[in-house]
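First the proteins, then the strands, lettered A, B, ... as listed; each starts at 1. Values below: all heavy atoms of this structure, side chains included; hydrogens, waters and symmetry mates excluded.
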Number of protein chains: 2
Amino acid sequence: MDVAIAGGFERFYEVLRRLTPRSELSLTAASTLRRLERSGPHRLCELHVPEGVSQPAMTQLVTRLEKEGLASRGSDPDDGRAVVVTITEAGREAVAKRREGRTRALSALLEQLPAEDHAAIVAALPALERLGELITEQSI
Amino acid sequence: MDVAIAGGFERFYEVLRRLTPRSELSLTAASTLRRLERSGPHRLCELHVPEGVSQPAMTQLVTRLEKEGLASRGSDPDDGRAVVVTITEAGREAVAKRREGRTRALSALLEQLPAEDHAAIVAALPALERLGELITEQSI
DNA sequence: ATTTTTATATCACTAGCTTATGAACCGGCG
DNA sequence: CGCCGGTTCATAAGCTAGTGATATAAAAAT
């Protein structure tokens, strides 16, 4: 049974990939910004593991985000080594804009879907959300 | 409403990204192999548009796949320009292996989910599948 | 006071994409 | 037939975002 789910998810993953505007933000950049938006400022070392990239990659990503004004580096008064990354207002806007683009594309598709399919997807959303929480906890 | 769906999908997309073993195959490579497995040999020009990459990128990808023995280049007897790409047995195995890895990871998560969530996801699968078909048609 | 560990940055390198361009092949038309 | 515009694929050069190895500096441990 789980094989069927995995297969379905696989197809679906491609759908989402296609649905995502190939805009400015890379996958990791977008994901990191969303994390910063969702759960506030983080130290660099708290970001690279859950985002699934190496520490140097996160350093570089933060540098890019900072250069583009989407995030800012701060320091922890209690730990001179730490770098605390915070999302900026422009960063929030970028996330919102990206979400809008995806929503628009998705809406156009959902319209063409039978009402019962639409309903089935809506019904599954909370479950998908909880699935998301599960995986987020475990990989931190 | 669609905003909620898009938001849920966004989270879900990250889940899938995390669930995918960062193994040998790139996203496009895996997606292309699956397409070749699903709907048989294709010309190069029939691949790069639906996969959302430039034609040179597809040429390079096919070269890599060929070098790794996962796909093979053939020619169309009726059109000397065309290159016909076919998945090899090794390619099918690579796809299967990747799917297994994802299934294992997903199963471990699904186990921890309440039964009704599990059921809701299963119930939404056909709808997700049709959504996938929709987008595949439209971007060809 | 050393030593070890932790947090971040830097370096050199690679994969996989892009645009621009080139080369081979097709179909049609004088 | 022979040329010509349009396809199809390949090549070249350059960019982005990743990697592992390693350096540096602060904190923690001995």
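- Atom CG of A:Leu27 is separated from atom C1' of C:dC17 by 13 Å (rounded to the nearest Å).
- Residue A:Ala57 is in base contact, counting any heavy-atom pair closer than 4.0 Å across all strands shown.
- Contacts of B:Thr28 with the nucleic acid, taken as non-hydrogen atoms under 4.0 Å apart, involve only primed sugar atoms and P, OP1 or OP2.
- On a pure distance criterion of 3.5 Å, a polar donor-acceptor pair joins the side chain of A:Gln55 and the base of C:dA9.
- Minimum heavy-atom separation, A:Ile121 to A:Leu113: CD1-CD2, 4.0 Å.
- Here the P atom of nucleotide D:dT24 and the CG atom of A:Leu44 are 19 Å apart, to the nearest Å.
- Rounded to whole Å, the distance from CG on B:Asp78 to P on D:dT7 is 19 Å.
- Closest contact between the side chain of A:Arg81 and the listed nucleotides D:dA25, D:dT19, C:dT19 involves D:dA25.
- For the pair A:Thr59 and C:dT8, the criterion of a side-chain N or O lying under 4.0 Å from OP1 or OP2 is not met.
- Using a 4.0 Å cut-off, some side-chain N or O of A:Arg73 falls inside it from OP1 or OP2 of C:dA9.
- For A:Pro56, whose side chain is taken as the heavy atoms from C-beta onward, the closest listed nucleotide among C:dT8, C:dA20, D:dA21 is D:dA21.
- For A:Arg64, a side-chain nitrogen or oxygen approaches OP1 or OP2 of D:dA17 to under 4.0 Å.
- Residue-to-nucleotide proximity on DNA chain D shows that, of B:Thr63 and A:Ser26, the 5′-proximal contact is made by B:Thr63.
- In terms of position on DNA chain D, the residue among A:Asp79 and A:Glu68 whose nearest nucleotide sits closer to the 5' end is A:Glu68.
- Between the P atom of C:dC17 and the CG atom of B:Leu65 lies a distance of 10 Å, rounded to the nearest Å.
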Passes side chain to side chain contact (heavy atoms under 4.5 Å, CB included), B:Thr32 versus B:Met58? Steps please.
-> CA-CA 9 Å; B:Thr32 303; B:Met58 187 51 69; 3.9 Å; yes
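- With C:dT18, D:dA26, C:dT8 as the choices, the nucleotide that has an atom nearest any side-chain atom of B:Ser54 turns out to be C:dT18.
- Between the NZ atom of A:Lys67 and the C1' atom of D:dC15 there is a distance of 14 Å, given to the nearest Å.
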